[in-house]
Amino acid sequence: MTFKDVADVHEKLKDADYITSQEIATVIFLASVTGKPILVEGPAGVGKTELAKAVAKALDLQLIRLQCYEGLDESKALYEWEYAKQLLYTQMVKEKIGDVIAGAHTLADAVDRIASQEDAFFSERFIQPRPLLQAISSEEKAVLLIDEVDKSDPEFEAFLLELLSDFQVSIPEIGTKKAKKIPFVVLTSNNYRDMSDALKRRCIHIYIDYPERELEMRIVKLKIPGISDRLAEAIVDAIRSIRDLDLKKRPCISETLDWASSLIALQVEDLTSEVLVNTLNMICKYKADTEMVKVNIASIVG
């Protein structure tokens, strides 16, 4: 399955419970037809990871996720060589070595015969694939999500350049592996650090910001079925007012949805100052932010 055009992206992502803008839908379509990775940047909680999940769901593809972190290296992202399994196999078949070297007249001849069997000990059966190798080894096209790539070290980012340029990796024990099916690649970044120009050149770049009011309303009504228009509007307007404050962490769409779900669970019909104060822990993640909202509560809830 693939996307026919930009309108088809809108429809398929909506069916996957993801409401997108025209700009994002266009980028998704262009990435699908060009095979270029997408680098999605923006604040935490605006739906970057969910976008990759929605693409996988919309196209009925396997989602393979690599969560990046400081200290991540290619061995942890690519594959793990199972030395214990290799040793076990060696112990199990060592009695067969006599059969292999039977008839050898010299030590060199015996060594050559053993060397001719080395593929039995250096093969894919001893490789435990990690996400990157899984993605390029898959018999079917997959969505590869490289999440929070900005948290990885620059050295790991440099390693990704080969993968994203040629979709192949070098494994010393068995050689070069080329992708059977080029995956649909989505990299996300929370701007923890700047990505290199080399990485950005290989990607289609998109920045996802806090949604406009109308888009946020559509998202709330899609994700929280049955919510009244009145309460949805009050929630979105309050969140947008809170975002205008000088906070350490402004609430994203994820906080909007968490708050809306909480108010539905509490059977709230009207958003009041008291309700906001009692449920601020669903919106604010820092005490200073909570206090600032309380100070400005009159301007947030009319």
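Just the heavy atoms: all of them, side chains too, but no hydrogens, waters or symmetry mates, feed the values below. Position 1 is the first residue of the sequence; numbering continues from there.
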* W259, L280: one ILVMFWY side-chain cluster at the under-4.5 Å cut-off? -> yes

* Check whether V236 and I297 end up in the same hydrophobic cluster, where Ile, Leu, Val, Met, Phe, Trp and Tyr are linked by side-chain heavy atoms less than 4.5 Å apart. => yes

* **Greater than 12 external heavy atoms within 6.0 Å of K200's NZ** => yes

* Structure fact -> Between V301 and L271 the two heavy atoms that sit nearest each other are CG1-O, 3.4 Å

* Would you list the pairs meeting side-chain hydrogen bond (donor to acceptor under 3.5 Å, both in side chains) in which at least one residue belongs to residues 184-195, sequence neighbours left out? => K48-N190, D147-T188, E148-N190, E157-R193

* Asked: Below 4.5 Å, heavy atoms only, C-beta onward: do I264 and L231 meet side chain to side chain?
  -> yes

* Less than 4.5 Å apart, any side-chain heavy atom of L266 and any of V275? -> no

* Asked: If you draw a 6.0 Å radius around CD in Q168, do more than 12 non-hydrogen atoms from other residues or ligands fall strictly inside?
  -> yes

* Beyond-backbone contact of L51 with I208, side-chain heavy atoms, under 4.5 angstrom -> yes

* Note, H10 side chain near Q22 side chain (heavy atom, < 4.5 Å) -> yes

* Asked: Looking at V9 and F29, what are the two nearest heavy atoms and their distance?
  -> CG2-CB, 3.8 Å

* **Heavy-atom side-chain proximity of L160 to L132 below 4.5 angstrom** => yes

* Between Y286 (side chain) and L247 (backbone), is there a donor-acceptor pair under 3.5 Å? -> no

* Asked: Just how far is it from atom CG of D150 to atom CG of L199, taken to the nearest 0.5 Å?
  -> 10.5 Å

* To do: Mind checking the CG-NZ spacing from L61 to K181? Nearest 0.5 Å is all I need.
  => 11.5 Å

* Atom pair CD1/CG of I28 and D8 - distance to nearest 0.5 Å -> 12.5 Å

* To do: Could you point out which residue of D73, L133, L66 forms a side chain to side chain contact (heavy atoms under 4.5 Å, CB included) with L78?
  => L133

* Structure fact -> Note: I253 and G45 closest approach over all heavy atoms is CG2-O, 2.9 Å

* Can you name the closest pair of heavy atoms from C252 and Y210 and give their distance? -> SG-CE2, 3.3 Å

* **For the student: nearest non-hydrogen atoms of V40 and V186, plus distance** => CG2-CG1, 3.8 Å

* Asked: Is there a side-chain contact between E41 and H205, using heavy atoms and a 4.5 Å cut-off?
  -> yes

* Taking only Lys NZ, Arg NE, NH1 and NH2, and the carboxylate oxygens of Asp or Glu, determine whether K180 and E139 approach each other closer than 4.0 Å. => yes

* Structure fact -> Between the CG atom in L257 and the CE atom in M282, the distance rounded to the nearest 0.5 Å is 10.5 Å

* Are K178 and D166 close enough, and set up right, to give a salt bridge (Lys or Arg N to Asp or Glu O under 4.0 Å), and what steps lead you there? -> CA-CA 8 Å; K178 292 184 67 71; D166 304 320; over 6 Å; no

* Is the backbone of M292 close enough, under 3.5 Å, to the side chain of N296 for a donor and an acceptor to pair up by distance? -> yes

* E291 atom CD: more than 12 heavy-atom contacts under 6.0 Å -> yes

* Around K285, counting heavy atoms of other residues, nucleotides and ligands shown, do more than 12 lie under 6.0 Å from its NZ? -> yes

* Asked: F3 versus V33: any side-chain heavy-atom pair under 4.5 Å?
  -> no

* Flag the pair D15 and K57 as a salt bridge only when some basic side-chain nitrogen lies within less than 4.0 angstrom of an acidic carboxylate oxygen. => no

* To do: Could you list the residues that satisfy side-chain hydrogen bond (donor to acceptor under 3.5 Å, both in side chains) with R202, not counting sequence neighbours?
  => S165

* Sub-4.5 Å side-chain heavy-atom contact between L245 and I300 -> yes

* Asked: Where do C68 and F156 come nearest, in terms of heavy atoms and distance?
  -> SG-CE2, 4.3 Å

* At what distance, to the nearest 0.5 angstrom, does NZ of K14 lie from NZ of K12? -> 14.5 Å

* Asked: For V293 and I283, what are the C-alpha separation, side-chain angles and deciding distance, and is it a side chain to side chain contact (heavy atoms under 4.5 Å, CB included)?
  -> CA-CA 10 Å; V293 172; I283 304 170; over 6 Å; no

* To do: Can you establish whether the number of heavy atoms outside R230 located under 6.0 Å from its atom CZ is more than 12?
  => no

* Checking S138 side chain against A135 main chain: does a donor-acceptor pair fall under 3.5 Å? -> no

* Distance from Q67 atom CD to L145 atom CG, nearest 0.5 Å? -> 8.0 Å

* Asked: Would D153 and L72 satisfy side chain to side chain contact (heavy atoms under 4.5 Å, CB included), going step by step from the backbone distance to the final call?
  -> CA-CA 7 Å; D153 300 320; L72 175 66; over 6 Å; no

* Step through the shown structure and confirm whether more than 12 heavy atoms of other residues, nucleotides or ligands are within 6.0 Å of NZ on K141. => yes

Taking only distance into account, with no hydrogens and no angle test, what donor-acceptor pairs under 3.5 Å do side-chain atoms of residues 214-225 form with protein atoms, sequence neighbours excluded?
{"unit_1": "E216", "atom_1": "OE1", "unit_2": "R243", "atom_2": "NH1", "d": "2.9"}
{"unit_1": "E216", "atom_1": "OE2", "unit_2": "R243", "atom_2": "NH2", "d": "2.8"}
{"unit_1": "E216", "atom_1": "OE2", "unit_2": "T256", "atom_2": "OG1", "d": "2.7"}
{"unit_1": "K221", "atom_1": "NZ", "unit_2": "D229", "atom_2": "OD1", "d": "2.7"}
{"unit_1": "K223", "atom_1": "NZ", "unit_2": "D17", "atom_2": "O", "d": "2.7"}

